[in-house]
Amino acid sequence: MKEIVVATTNKGKLKEISAMLEKLGIEVKSIKDVLGYNPDIEETGTTFTENAVIKAETVMNMIHMPTLADDSGLEVDALDKQPGIYSSRFMGEDTSYDIKNQWIIDAVKDKEDKTARFVCAMALAIPDEETKTFLGTFEGEINDCIDGENGFGYDPIFYLPEYGVTSAEIPIEKKNEISHRGKALEAMKKALKEEEAGK
Ligand code: ITT
């Protein structure tokens, strides 16, 4: 595959996915590059994987090109795995991440269990092929303050005990090596390689 359209409106995701795919020699386009606008897609699924498939197939059916979609989010164990699939809609789509992040910090402040994880489901929809899905997870804890300028979304409160910093304090290359998104893309790479070898 030489070219792939990434069905996302999220600039942070696009930057990370582009950095990973360009390393494989794949040219990345956003839906806006191809369609000229971002279609409004309702995420009606009940799991990350269902939503990733909805996004990938909706866009692929519009443009008839290989399309990759990412549905991801933060699961906080002490909050019954919320915000989960509602991560971008949590507290309202237009609420700033400073406010969302501080709300989560306060909500787990007195909880013993601060564990959390990012989950990423990727769906690859190719014309006339069955859609393939891949899952990656990234374990961490909720930090006690907002720290770091890198990444996006909930990265500034996602503490990595092994590194002693949040995922907003590590460079993008490092995050891509260890993150939910990096792992899902690694699984996709492996599946595509195996498929190629079997042809
Ligand atoms: P698209 O649907 O257009 O791709 P979105 O941001 O609405 O964009 P999702 O519905 O998958 O995408 O929601 C993902 C949210 O989960 C994202 O907006 C962040 O709040 C959070 N998230 C996912 N991965 C993250 C990461 O690597 N770092 C920080 N926050 C992340």
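Quick note: numbers below take in every heavy atom, side chains included, and nothing from hydrogens, waters or symmetry partners. Read the numbers this way: they start at 1 and go in the same order the structure lists the ligands and their atoms. Because the structure is a prediction, the values reported are computed rather than measured.
Between Asn38 and Thr9, the side chains place no donor N or O within less than 3.5 Å of an acceptor N or O (distance only, hydrogens not considered). Using modelled atom types, one finds a donor on one side chain and an acceptor on the other under 3.5 Å when comparing Asp70 with Ser72.
Partner of Thr67 under the side-chain contact (heavy atoms from CB on, under 4.5 Å) criterion, chosen from Met60, Glu57, Met62: Met60. Between Asp155 and the choices Lys175, Lys100, Lys13, the salt bridge (Lys or Arg N to Asp or Glu O under 4.0 Å) rule is met once, by Lys175.
Nearest non-hydrogen protein atom to atom 14 (C) of ligand 1 is Ser72 O, 3.1 Å. Of the protein's heavy atoms, Phe152 O, 2.9 Å lies nearest to atom 29 (C) of ligand 1. In terms of protein heavy atoms, atom 10 (O) of ligand 1 is closest to Glu43 OE1, 3.1 Å. The nearest heavy-atom contact from the protein to atom 1 (P) of ligand 1 is Thr8 OG1, 3.5 Å. Protein heavy atom at the shortest distance from atom 9 (P) of ligand 1 is Lys13 NZ, 3.5 Å. The single protein non-hydrogen atom nearest to atom 7 (O) of ligand 1 is Ser88 OG, 3.1 Å, given as residue, atom name and distance. Looking at atom 19 (C) of ligand 1, its nearest protein heavy atom turns out to be Tyr97 OH, 3.6 Å. Protein heavy atom nearest atom 6 (O) of ligand 1, with residue, atom name and distance: Asn10 ND2, 2.9 Å.
For the pair Arg181 and ligand 1, the shortest N or O to N or O distance falls below 3.5 Å.
Taking the six-membered ring where the residue is Trp, the centroids of Phe118 and Tyr154 are separated by 6.0 Å or more.
Using a 4.0 Å cut-off to heavy atoms of Asp71, the atoms of ligand 1 that qualify are 9 (P), 10 (O), 11 (O). Here is the list of ligand 1 atoms found below 4.0 Å of a heavy atom in Gly73: 16 (O), 23 (C). Counting the atoms of ligand 1 from 1 in the order shown, those under 4.0 Å from a heavy atom of Asp70 are 4 (O), 11 (O). Near Lys55, with a cut-off below 4.0 Å to any heavy atom, the atoms of ligand 1 are 1 (P), 2 (O), 4 (O), 9 (P), 10 (O), 11 (O), 12 (O). Here is the list of ligand 1 atoms found below 4.0 Å of a heavy atom in His180: 24 (N), 25 (C), 26 (C), 27 (O). Against a heavy-atom cut-off of under 4.0 Å, Lys175 is close to the following atoms of ligand 1: 26 (C), 27 (O), 28 (N).
Using a 4.0 Å cut-off between charged side-chain N and carboxylate O, Glu186 and Lys183 make no salt bridge. Salt-bridge annotation for Lys55 and Glu43: present, with a side-chain N of the basic residue lying under 4.0 Å from a carboxylate O of the acidic one.
Atom CG of Asp80 is surrounded by 12 or fewer heavy atoms from other residues, nucleotides or ligands within 6.0 Å. The environment of CG in Asp40 is sparse: at most 12 heavy-atom neighbours from other residues, nucleotides or ligands sit within 6.0 Å.
Rounding to the nearest 0.5 angstrom, the gap separating the CD1 atom in Ile17 from the CE atom in Met188 is 9.0 Å.
Side-chain contact between Val59 and Ile41 is present, with heavy atoms from C-beta onward closer than 4.5 Å.
Heavy atoms of Arg89 found under 4.0 angstrom from ligand 1: none, in either backbone or side chain. At a heavy-atom cutoff of 4.0 Å, ligand 1 is contacted by the side chain of Phe118 but not by its backbone.
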